[in-house]
2 protein chains.
Amino acid sequence: MLYGVTDLLKRNQLSVTDSRKKILELFMRSDGALAHADIEHHSGTEFDRVTIYRTLQTFVEKGIIHTIPTSDNSVRYALCKDECSEGHHHDDHVHFMCDGCGTTYCLDHVTVPAIALPQGFLASQTDVVISGKCDKCG
Amino acid sequence: MLYGVTDLLKRNQLSVTDSRKKILELFMRSDGALAHADIEHHSGTEFDRVTIYRTLQTFVEKGIIHTIPTSDNSVRYALCKDECSEGHHHDDHVHFMCDGCGTTYCLDHVTVPAIALPQGFLASQTDVVISGKCDKCG
DNA sequence: TAAATTTTGCAACAATGTTGCATTAGTGTA
DNA sequence: TACACTAATGCAACATTGTTGCAAAATTTA
């Protein structure tokens, strides 16, 4: 698993640095999505705030993680289990935000049904954010 | 129409003030959703930044407007044509963000299909954000 | 119109995000 | 392994966004 992180960084033509490894591991260990603040807390004072911002930005650009639209408009990032390591398959995600524990889940295996748009509207990406109670809080 | 704004405020037990009237009118005139910054620009230096924040917050609480989750995580607010004036029917909205002109549309009449969730997950609200090209930019 | 209530604007603050630049760390090559 | 080269980090300073308390002003109620 440790080797996996290094490998993933190299496949994306990124230098393998401490911060990148630690942040990637954090994503891999965590169940749901992470906000910038979560990462800052977890890594303590180890990394500069700016480094975390830049690392997240880089990961998004490389398609390693993606942002999740949330109704409370806090920025959240998630690593998609199967797809992201392979490339840019970020369309048609379903995300679930639990009102109870606040966790954001990336439901990779839930399919988004086709939605009929008005005349002249052309969809390129569909984001679905469902809120409610997760299996632990139900 | 001017009377409508005043009336809407009164129905929601809110004092009828300049800022509330102007901001409501702005929403009614605008095609799509508005960000805080849009409102600040449109109203010039007429109102304090804080007043705008508080007005939007009040409107959200009263169910006059609602927030839209966006993938770029800028907070946007929209007035829903038919429903919001009557109460709190904010479930199952479809929102459309145009990559061309940046407008966010509130597609009130598009129905959200049911989405099958994993065991134990219970949905209370579903937000769908579709991005692509709108009928003016297609 | 006067008293009671609500809203506004100001000031100060907190949180979040960005940029430039010198220092440090990582990479490729001999 | 040591070197030069490139990329990433940390710091400082700044910009933007959002929040809170409180006195002044506007709105509502009687």
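The sequence lines fix the lettering, A, B, ..., with proteins before strands; numbering per chain opens at 1.
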| request: Side-chain contact test, heavy atoms from C-beta onward, threshold under 4.5 Å: evaluate it for A:Lys21 versus A:Thr6 and give yes or no. | output: yes
| request: Measure from OH on A:Tyr53 to C1' on C:dG17 and round the result to the nearest Å. | output: 5 Å
Between the protein and nucleotides 22-30 of chain C, list the N/O to N/O atom pairs that are separated by less than 3.5 angstrom.
| residue | atom | partner | partner atom | Å |
| --- | --- | --- | --- | --- |
| C:dT27 | OP1 | A:Val16 | N | 3.1 |

| Within less than 4.0 Å of OP1 or OP2 of C:dT7, is there a side-chain N or O belonging to B:Thr51? | no
| query | Looking only at heavy atoms, which two atoms of B:Thr67 and B:Val60 are closest? And how far apart? | reply | CG2-CG2, 4.4 Å
| field | Ring centres under 6.0 angstrom apart (A:Tyr105, A:His95) | value | no
| task | Run the numbers on B:Arg11 and B:Asp7 for salt bridge (Lys or Arg N to Asp or Glu O under 4.0 Å), then give the verdict. | result | CA-CA 6 Å; B:Arg11 274 211 304 279; B:Asp7 195 51; 2.8 Å; yes
| Check: A:Arg20/A:Thr55 side-chain N/O donor and acceptor closer than 3.5 Å | no
| query | Can you check the B:His36 NE2 to C:dT16 P distance for me, whole Å? | reply | 17 Å
| request: Confirm from the modelled atom types if B:Arg49 and C:dG9 form a donor-acceptor pair under 3.5 Å, side chain to base only. | output: no
| query | Between B:Tyr53 and B:His36, does the ring centroid distance fall short of 6.0 Å? | reply | yes
| task | Check the distance between C:dT16's P and A:Tyr77's OH and give it to me in whole angstrom. | result | 12 Å
| task | Could you pull out the closest heavy-atom pair between B:Ser30 and B:Gly32, with the gap in Å? | result | OG-O, 3.1 Å
| query | What does A:Arg20 touch in the nucleic acid at a heavy-atom separation under 4.0 angstrom: a base, only the sugar-phosphate, or nothing? | reply | sugar-phosphate
| query | What closest approach, in Å, do A:Arg76 and A:Ala33 show between heavy atoms, and which atom pair accounts for it? | reply | CB-CB, 4.1 Å
| message | Using every non-hydrogen atom in the two residues, find where A:Ala116 and B:Val110 come nearest and quote the distance to one decimal. | response | O-CG1, 3.2 Å
| remark: Here the distance between atom P of C:dT6 and atom CD of B:Glu61, to the nearest Å, is 14 Å
| 5' priority, DNA chain D, between A:Asp48 and B:Val50 [closest heavy atom] | A:Asp48
| First contact, last contact: which nucleotides of DNA chain D are these for chain A, 5' to 3', heavy-atom distance under 4.0 Å? | D:dA7 to D:dA12
| said: Could you check whether the side chain of B:Arg54 and the base of C:dG9 have a donor-acceptor pair of N or O atoms closer than 3.5 Å, going by distance alone? | reply: yes
| Just checking B:Glu46: base, sugar-phosphate only, or nothing, at a heavy-atom cut-off of under 4.0 Å? | sugar-phosphate
| task | Estimate the overall bend of the helix from C:dT1-D:dA30 to C:dA30-D:dT1 from the end axes over five pairs each, rounded to 10 degrees. | result | 50°
| Mind checking whether A:Phe121 and B:Phe96 have parallel, tilted or perpendicular rings, split at 30° and 60°? | perpendicular
| message | Just to be sure I understand the rule, does A:Thr58 reach a base, reach only the sugar-phosphate, or reach nothing, if contact means heavy atoms closer than 4.0 Å? | response | nothing
| query | Any sub-3.5 Å donor-acceptor pair from B:Asp48's side-chain atoms to B:Val50's backbone N or O? | reply | yes
